[in-house]
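Following: one structure in structure tokens, then a few remarks.
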Amino acid sequence: MLENFLPPYQAHVTECLLDAGLVMVGKLNMDEFAMGSSTENSAFYPTRNPWDLDRVPGGSSGGSAAAVGANECIYALGSDTGGSIRQPAALCGVVGFKPTYGRVSRFGLVAFASSLDQIGPLTKDVTDCALVMNVIAGHDSRDSTSAPLDVPDYTQSLIPDLKGSRIGVPQEYFVEGMDDGVRASIEAAVNKLEELGAEVDREVSLPSTGYALACYYIIAPSEAMANLARYDGVKYGYSDRRGDTMWQNMELTRQHGFGDEVKRRIMLGTYALSAGYYDAYYLKAQKVRTLIRREFDAAFQKCDALVTAVSPTPAFKLGEKTADPLQMYLSDVCTIPVNIAGIPAISVPCGFADGLPVGLHIMAKPFDEPTILRVAYAYEQATEWHKARPNL
Ligand code: GLN
């Protein structure tokens with residue numbers, strides 16, 4: 001739909017980075033409209049995982065994660081609506097950070113699901129993550145959801161010990177079908193955090209976790225179908241004018257301009273919002289969303305941070321999940337609750353399963369990015385995982 005489209009203005013984050021001296025190397029591949037977990041829904045071509053070229057880099061910001069992982073650039077940006085920064089970062093062995101909803105302005109970001117979308121960095125280590133966050137975070141009146149809060153200096157959080165911090169491990173995130181190597185890496189990482197001085201509670205429970213994915217697949221497609229209504233071939237983007245009437249041209253434009261997954265989301269969202277179904281689906285999903293948020297609030301009364309896996313499995317093979325959208329959706333079971341609750345979370349390299357990178361997921365309460373960076377930095381400095389690079 002947006003092939004050859006040249007944006008007439010800069011996004012807020014790009015403006016901030018250009019002001020700070022950014023040297024732009026290029027734009028990266030991703031799933032079409034950020035819908036996907038493998039970059040195989042790209043409108044152009046799939047991206048491969050630098051650790052194993054037969055495997056996916058994750059998605060939707062797969063190009064960003066692969067480029068940073070393969071040392072093609074120092075850092076990249078991505079957007080995260082349900083895991084699209086953290087999951088590819090985990091699968092490519094780099095750091096990926098989704099800030100609190102409202103922490104980074106989305107002005108200039110192509111909207112997917114406006115109550116969930118957030119921009120963040122993909123970097124080689126936690127220090128670079130803090131440096132990029134210092135530049136892109138902060139209030140911007142052009143995004144009405146941008147939080148009018150001061151930005152701390154995130155490099156102040158780079159402290160190499162965890163004395164006095166309370167870390168919880170929510171049991172519900174050890175999901176059925178989780179890879180043994182991933183589980184072992186996460187358990188070893190939790191022990192490491194304890195060694196570094198954290199007080200660890202392994203019995204934390206977030207009982208509504210299992211409903212987050214279903215809730216997401218009502219809310220995200222509903223918002224996407226509204227956001228994507230603007231691609232009608234009239235003002236910009238792909239335009240198919242072979243029809244006899246304006247309506248026919250709009251239909252042709254959307255039929256040929258959107259890929260299959262995007263059309264699937266538009267249909268799901270249109271159905272969920274249609275008269276007679278709104279209360280059963282959308283309204284109920286919003287109520288479940290509130291419950292999930294409250295459970296996180298309660299957990300953060302007792303814990304400063306929660307740690308889980310980012311992805312239940314390491315990078316899967318290209319083509320392995322393309323035939324079954326539900327299997328693809330399940331890749332995000334651990335990352336989606338974070339977007340539903342609007343909280344911040346990071347993925348940091350924490351080991352390998354069958355030679356493929358594993359990511360440790362660290363979450364904290366809204367606007368407590370400093371705690372996440374502190375835990376991530378202490379863990380990173382005490383381990384060597386972030387120094388591993390694929391043999392290319
Ligand atoms: N994989 C999820 C989806 O397809 C999340 C994508 C994202 O965070 N942009 O919707």
Side-chain angles (χ1 to χ4, degrees), residues 1-19 22 24 26-36 39 41-45 59-64 76-82 84 101-102 104-120 136 139-146 218-275 278 282:
M1 190 59 90
L2 292 173
E3 191 173 10
N4 302 323
F5 172 72
L6 284 179
Y9 58 91
Q10 290 289 355
H12 176 76
V13 286
T14 321
E15 239 172 40
C16 294
L17 289 165
L18 286 168
D19 285 349
L22 165 75
M24 173 79 91
K27 293 194 180 188
L28 292 153
N29 197 18
M30 59 185 289
D31 285 303
E32 186 179 0
F33 288 106
M35 295 170 186
T39 316
N41 296 336
S42 165
F44 305 103
Y45 42 76
S60 63
S61 309
S64 299
L77 295 181
S79 70
D80 191 313
T81 303
S84 280
Y101 183 77
V104 175
S105 165
R106 288 102 41 93
F107 178 77
L109 175 72
V110 173
F112 167 6
S114 304
S115 76
L116 302 160
D117 300 340
Q118 184 58 198
I119 298 172
I136 63 172
H139 183 245
D140 168 29
S141 56
R142 298 169 300 179
D143 172 356
S144 63
T145 63
S146 161
I218 298 292
I219 295 171
S222 298
E223 294 181 6
M225 85 75 150
N227 276 324
L228 269 52
R230 71 190 63 162
Y231 302 104
D232 55 10
V234 175
K235 287 206 183 95
Y236 59 92
Y238 176 78
S239 185
D240 194 322
R241 310 229 164 163
R242 286 172 297 175
D244 295 326
T245 65
M246 178 194 77
W247 297 112
Q248 273 176 4
N249 287 340
M250 276 186 193
E251 279 177 17
L252 286 168
T253 295
R254 292 168 68 80
Q255 186 183 333
H256 299 296
F258 288 134
D260 287 347
E261 183 60 29
V262 177
K263 284 190 255 190
R264 182 178 296 121
R265 304 289 176 107
I266 292 172
M267 286 190 277
L268 285 170
T270 305
Y271 180 79
L273 292 178
S274 54
Y278 177 90
Y282 191 77

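Positions are given from 1, in the same order as the sequence printed here.
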Any side-chain heavy-atom pair of [X] and [Y] under 4.5 Å:
X: N227; Y: F33; result: no
X: L77; Y: L17; result: yes
X: E15; Y: Y9; result: no
X: T253; Y: D232; result: no
X: L2; Y: Y236; result: yes
X: M30; Y: S61; result: no
X: M1; Y: V110; result: no
X: M250; Y: V234; result: yes

request  = I would like to know whether Y231 and F5 meet ring pair (Phe, Tyr, Trp, His ring centres under 6.0 Å); could you show each step before the answer?
outcome  = CA-CA 12 Å; Y231 302 104; F5 172 72; 8.6 Å; no

request  = Answer yes or no: is there a donor N or O on one side and an acceptor on the other, between the side chain of S84 and the main chain of S60, under 3.5 Å?
outcome  =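 Pair found, side chain donor or acceptor close to backbone of S60.
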
request  = Run the numbers on D117 and S79 for side-chain contact (heavy atoms from CB on, under 4.5 Å), then give the verdict.
outcome  = CA-CA 7 Å; D117 300 340; S79 70; 5.7 Å; no

message = Counting neighbours of CD on Q255 that are heavy atoms of other residues, nucleotides or ligands and sit closer than 6.0 Å, is the number greater than 12?
response = yes

Let me confirm one number: the [atom1]-[atom2] distance from [X] to [Y], rounded to the nearest 0.5 Å.
X: E32; Y: D260; atom1: CD; atom2: CG; result: 9.0 Å
X: D80; Y: I119; atom1: CG; atom2: CD1; result: 11.0 Å
X: Q10; Y: D19; atom1: CD; atom2: CG; result: 10.0 Å
X: H256; Y: E251; atom1: NE2; atom2: CD; result: 10.5 Å

ask   = What are the two closest non-hydrogen atoms of S115 and I219, and how far apart are they?
value = OG-CG2, 4.0 Å

task = Taking all non-hydrogen atoms of both residues into account, name the closest pair between L252 and G243 and its distance.
result = CD1-N, 3.5 Å

query = Without hydrogens or angle criteria, can the side chains of R142 and S105 be said to hold a donor-acceptor pair below 3.5 Å?
reply = no

request  = Please name all residues satisfying salt bridge (charged side-chain N to carboxylate O under 4.0 Å, His left out) with R242, sequence neighbours left out, ordered by chain then number.
outcome  = D240

Check residues 264-274 and write down every donor-acceptor pair under 3.5 Å in which the side-chain atom is one partner and the other belongs to a residue at least two apart or another chain.
{"from": "R264", "atom 1": "NH1", "to": "E261", "atom 2": "OE1", "distance (Å)": "2.3"}
{"from": "R265", "atom 1": "NE", "to": "E261", "atom 2": "OE2", "distance (Å)": "2.6"}
{"from": "R265", "atom 1": "NH2", "to": "E261", "atom 2": "OE2", "distance (Å)": "3.1"}
{"from": "T270", "atom 1": "OG1", "to": "I266", "atom 2": "O", "distance (Å)": "2.6"}
{"from": "S274", "atom 1": "OG", "to": "Y271", "atom 2": "O", "distance (Å)": "2.7"}

